[in-house]
Amino acid sequence: MSKSFQAIKGTKDLLPVDTARWREFEAVIHDTMQQWGFGEIRTPIFEKTELFSRSVGEESDIVSKQMYTFIDQSDTSLTLRPELTAPTMRAYIQHNMDREGALTKLYYMDTLFRQERPQAGRLRQFNQFGAEAIGSPHPEQDAEVIVLACAILNKLGVANPTVLVNTVGSSESRERYRSELVNFLTPLKNELSETSQKRLKSNPLRILDTKDKKEVALLSDAPDILNCLNSEDLHHFEKVQGFLNELGIAHECSNKLVRGLDYYTRTTFEITSPDVGAQNALCGGGRYDELIEQLGGKPTPAVGFAAGIERIMLALGEKQDQTTEKVMVYIVTASESAVDSLFRLANKLRQNGISTSFDTLRRSVKAQMREANRLAATHAVIVGDEEIADSSAKVKNFKTGEQNTISMNDLVSHLKSL
RNA sequence: GUGGGGGUAGCUCAGCUGGUUAGAGCUCCAGGUUGUGGUCCUGGCGGUCGCGGGUUCGAAUCCCGUUCCUCACCCCA
């Protein structure tokens, strides 16, 4: 046992008992996204490392410690994608998608990798779905993306989501806020944690995200970004909230919400759940008006979100699978000669769209019946010498216990009519 | 990288102030008279008690090391 192989730390197998639920989940995503006019994009599982270091931010800790990065045979540094916005934008630029229309709406649902110590809701290989609306600088686009995220979580049945919204301003406003924040924090420098002290230089806004109680207290008097916004930024933020209000989407303004990505401008948002554990963010996103240009495209505004599938599943908790009403047949052979005609019969049923299973272990009738029940078949079709002789089959309904003799010629139509 | 909890049958766990052949429930398999499930009854398969070392006449049980899982911290795209 100790010598056998095990899934890599932070990765999980999905067994048949799990995949049913995943497929349902995925169906909701695909359906809703299509309904909202978003088209699916699938990008390669790895990219040049530089794509991420340039977009996510050079913060070397993150880039070097939390990404799966390796050198390939031609000495190129590649990275298993840790997020999907940058790859999606890369594809958008590469395929000149701006020429297909002024507004491009894309969604994805794919697998990502991060090398972190696993815990509840945080795996090393995990899945996200998300949407990106590329081309519009206007607040209704921010709102649509947020509303879409809410709609999906709602459809999935997430119970107590909290929507947090904030704005980090355009780069102009943010610059002004940044210097005010630095002015505020510098005199307090010695009371800050080591990482926060570093950030004071590299990325002071991130300090707002701290969970350190002492720092949270210090920050209660910190300048508010809303006071540093220029009028366009302020107007944009107000409009976004206005749309949310109009649609009755409850949300909280959190002026401390600064998402970790460097590329955000103006709107940032997050949806959290109390039912998940320490990693409570189900979904996060925001506007990134400068990213596409940074990656070598034309200046193009965009806004999007990404949501963690495993975390949402956690928030949903255990759900009992509902029994399907669909007819599912298990063929029971009661004699050796019946085995000979087994395939023909099974094929006939399957070709007619009837879910069919049977035993290949040559087990007793009792064992076959047991198996049928275990597999939750709705009906048993029993064939033995007797039935072969008069070209019929017994059809037993497991729910009612009723059993009828049906002629072979009528079997398919009989089963289909159930 | 740091800290807490935990590794005993396929699963959930009991046993752990050391004592002879290691248990339960569920699952699985097989029977309960002729070819019929689920319920019920009976029986069976299944464990070198995570791995290595130590203490002891004797260790699942005590000690040390190690590894994996898990939750949390850090961090969070």
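What you see is a predicted model, and the numbers here were worked out from it, not measured in a lab. To find a chain, count down the sequence lines: A is the first, B the second, and so on, and within it residues start at 1.
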When rounded to the nearest Å, what value does the distance between C1' atoms of B:C28 and B:U20 take? 32 Å
Please report the distance separating the P of B:A9 from the corresponding atom of B:A24, rounded so that it comes out in whole Å. 14 Å
So does A:Q34 get a backbone contact from the side chain of A:Y107, meaning a donor-acceptor N/O pair under 3.5 Å? no
Tell whether A:R370 reaches the base of B:U36 with its side chain through a donor-acceptor pair below 3.5 angstrom. no
Would you please confirm or rule out a distance under 4.0 Å between OP1 or OP2 of B:C75 and any side-chain N or O of A:R114? no
Distance-only donor-acceptor test, A:Q368 side-chain atoms vs B:U36 base atoms, 3.5 Å: no
Is there a donor and acceptor pair, one atom on the side chain of A:R122 and one on the base of B:C76, closer than 3.5 Å? yes
Is there, by distance only and without an angle test, a donor paired with an acceptor across the side chain of A:K366 and the base of B:G32 below 3.5 Å? yes
From the set B:C76, B:G35, B:A72, return the single nucleotide nearest to any side-chain atom of A:A120. B:A72
Could you check whether A:R374 gets within reach of a base, just the sugar-phosphate, or nothing at all, counting any heavy atom under 4.0 Å? sugar-phosphate
Looking only at side-chain N and O atoms, does A:Q368 offer a donor or acceptor that is under 3.5 Å from a partner on A:E371? no
Side chain of A:N373 (C-beta onward), nearest among B:G37, B:C73, B:G35: B:G37
Tell me what A:A377 touches on the nucleic acid: a base, only sugar-phosphate, or nothing, going by heavy atoms under 4.0 Å. nothing
I'd like the C1' distance from B:U36 over to B:G31, given in whole Å. 15 Å
Could you work out the separation of B:G44 and B:G50 based on their C1' atoms and round it to a whole Å? 28 Å
Considering only atom C1', compute the distance from B:G43 to B:G3 and round it to an integer number of Å. 49 Å
Taking atom types as modelled, find out whether A:D142 and A:H236 have a side-chain donor-acceptor pair closer than 3.5 angstrom. yes
Donor-acceptor side-chain pairing of A:S170 and A:T265 below 3.5 angstrom: no
